[in-house]
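Working notes for the structure below.
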Amino acid sequence: MSSEKKIKTALVSVYHKDGLDEILKKLDSLGVRFISTGGTKSFIESLGLPCDAVEDTTGYPSILGGRVKTLHPKIFGGILCRRELPEDMKQIKAYDIHEIDLVIVDLYPFEDTVASGAGEQDIIEKIDIGGISLIRAAAKNFKDVIIIASKQQYQPLINLLEEKSGKSDIADRKFFAKEAFSVSSSYDTAIFNYMDNNEGTAFRYAEDDAMHLRYGENPHQKGTFYGDFNAMFDQLHGREISYNNLLDIESAVSLISEFDETTVAILKHNNACGIASRASVAEAWKDALAGDPVSAFGGIIVSNRKIDKSAAEEINNIFFEIVIAPEYDKDALEILEQKKNRIILVQKQELTESKQFRSLLNGVLVQDKDLSIQTADDLKLVTNRPLQGTELEDLLFANKLVKHTKSNAIILVKNKQLCAGGTGQTSRVDALKQAIEKADSFGFNLDGSVMASDAFFPFPDCVEIAGNAGVTAVVQPGGSVKDNLSVEYCNEHNISMVMTGIRHFKH
């Protein structure tokens, strides 16, 4: 038996009518009969097209406030009957059931209703029953039926109608079935997560937008990003975004979101190698670059202010791969676009997700995002020497930065500028030594600088090394049974120490 099928009868029941008229007119021109309900039926007839009522087909009215309209054997029998089985065809003839070859349906806007802040009863009423049942039935019987489960599939259907005059083959119908199950699984995921109320009794995640990347972390690995990248960013220039680009972009926008003052950061391999807060973007760029002009080459630049011509001219003096900002002056863009492959992004939205997850072993690890950041009121002075001069501002700056630096992490800051960081070391002492050596190599005078640690000091060795290098104030979470050893050393050597009570590991 040929897999080619011709559309003769279509059941249409949609919540949103946008874009539907073109399909309906094309189907009508091909002699397709319509069956529909309520508002959709009225819409079809408003186009001057004939349409049979579901109620006339089933012999039952819409009942229970519209909760039950299409749930009837004469509808589902017409969709689910297997045309190749004589027994199925005998039964639908006996019960006067007519075949339905095309189902066009969308679902009540459950997620939009939740996002609107509506009450529970309104949300519950947006759990679609008939629509989801029609989708599953038609998709199950894709051997005989085409299912259009969202307006995203309108254009593929129009293409099919124009190219094949209302006929389809098995590959066409299976494609639409696959897309339909994507819709239904995403819908059920949204409902479960609402009902679960963030209790985490099971892990369910669904994302419709897929960005196929050039490759994954390395060229031999396949990579795909699932998420609406374009909702967060406009890409103004440059080549295709890669897997590693995405990791750096996420790190960059997460870091810059912590700063209210005009700030520029330079990142490499998800860590800041330079960052400074200054009166202008050009000044912030200059002092961020001074933090590590070697690592900055080929890095990611992020600004929380518009990039103007003067800043662009300075930035353009070195090679970098990506620049992110909320806005660009026109003449700044002309400068930055001189490099063909340079990726230029406008950030339109802040990160809003409160959960994060990663694959691990044979499962998924889920946690709340680290959205905590400390203010001056959260810093507990534990030493005799009080904070002096700009130390408070620098400690807050350093604490924001250490939160976004891979553990074990140490950050050295002076005058709201990163002097150096020690990142990803197996020993906190090694992280500190790495930072001091790096600061020395780029000519920083650490006298009067401050140090931030992402976790407590179990011994006084770090504060001793830091004090000898010129550090005069330290911020750390505290919590070690030997906190007193570091505090005592600071008291003996005129160093201030504050504790936050909040650890900021990042692995």
Side-chain angles (χ1 to χ4, degrees), residues 252 255-256 259 261-303 310-311 313-320 323 388-402 404-406 408-425 427-453 461-475 493-496:
L255 172 60
I256 206 69
F259 296 88
E261 296 179 79
T262 299
T263 304
V264 172
I266 307 168
L267 288 89
K268 202 70 174 288
H269 300 293
N270 312 142
N271 290 306
C273 59
I275 183 171
S277 294
R278 294 294 183 263
S280 71
V281 173
E283 292 174 298
W285 160 256
K286 178 183 175 182
D287 288 343
L289 179 62
D292 188 344
V294 174
S295 295
F297 185 85
I300 310 299
I301 299 165
V302 62
S303 169
S310 61
E313 287 173 337
E314 293 297 323
I315 292 171
N316 201 46
N317 287 328
I318 71 163
F319 166 74
F320 63 91
V323 61
Q388 300 175 10
T390 62
E391 288 174 346
L392 174 59
E393 288 186 339
D394 283 347
L395 286 172
L396 293 172
F397 185 100
N399 193 53
K400 291 176 181 178
L401 187 49
V402 82
H404 294 274
T405 303
K406 294 296 181 73
N408 282 325
I410 291 288
I411 292 295
L412 302 177
V413 164
K414 188 175 181 180
N415 298 326
K416 289 186 279 191
Q417 176 187 21
L418 173 63
C419 299
T423 67
Q425 300 301 304
S427 160
R428 198 162 301 281
V429 170
D430 287 344
L432 175 57
K433 289 179 177 178
Q434 179 192 54
I436 293 171
E437 181 180 350
K438 199 171 187 180
D440 288 342
S441 71
F442 292 118
F444 281 99
N445 180 354
L446 292 178
D447 290 340
S449 64
V450 306
M451 174 175 72
S453 173
D461 44 8
C462 277
V463 290
E464 179 180 355
I465 295 168
N468 290 336
V471 169
T472 56
V474 177
V475 59
H493 295 84
N494 200 35
I495 298 171
S496 297

Taking the side chain from [X] and the backbone from [Y], do they hold a donor-acceptor pair closer than 3.5 Å?
{"X": "E283", "Y": "S280", "result": "yes"}
{"X": "N445", "Y": "D447", "result": "yes"}
{"X": "Q425", "Y": "D430", "result": "no"}
{"X": "N468", "Y": "E464", "result": "yes"}
{"X": "N271", "Y": "K406", "result": "yes"}

- Pair T472, E391: side-chain N/O donor-acceptor within cut-off below 3.5 Å: yes

If every non-hydrogen atom of [X] is compared with every non-hydrogen atom of [Y], which pair is closest and at what distance?
{"X": "L418", "Y": "A272", "value": "CD2-O, 3.7 Å"}
{"X": "A452", "Y": "V402", "value": "O-CG2, 3.8 Å"}
{"X": "S453", "Y": "R428", "value": "OG-NH1, 3.1 Å"}
{"X": "A435", "Y": "G421", "value": "CB-C, 3.7 Å"}
{"X": "A398", "Y": "V450", "value": "CB-CG2, 4.3 Å"}
{"X": "K414", "Y": "G448", "value": "CG-O, 4.4 Å"}

Quick check for you: to the nearest 0.5 Å, what is the distance between [X] atom [atom1] and [Y] atom [atom2]?
{"X": "K400", "Y": "T263", "atom1": "NZ", "atom2": "OG1", "value": "7.5 Å"}
{"X": "L395", "Y": "T390", "atom1": "CG", "atom2": "OG1", "value": "9.0 Å"}
{"X": "W285", "Y": "I318", "atom1": "CH2", "atom2": "CD1", "value": "4.0 Å"}
{"X": "S277", "Y": "N415", "atom1": "OG", "atom2": "CG", "value": "11.5 Å"}

Within a strict 4.5 Å, meaning less than it, do heavy atoms of the [X] and [Y] side chains meet?
{"X": "I256", "Y": "S303", "result": "no"}
{"X": "I411", "Y": "F397", "result": "no"}
{"X": "V302", "Y": "L255", "result": "no"}
{"X": "C419", "Y": "L446", "result": "yes"}
{"X": "D394", "Y": "K416", "result": "yes"}
{"X": "I275", "Y": "F259", "result": "yes"}

- Item | salt bridge (Lys or Arg N to Asp or Glu O under 4.0 Å) pairs, two or more places apart, involving residues 436-445 | D292-K438

- Message: Check this for me: does any side-chain nitrogen of one of E314 and K286 sit under 4.0 Å from a carboxylate oxygen of the other?
- Response: no

- Could you go step by step and tell me if V429 and C462 meet the side-chain contact (heavy atoms from CB on, under 4.5 Å) rule? CA-CA 6 Å; V429 170; C462 277; 3.9 Å; yes

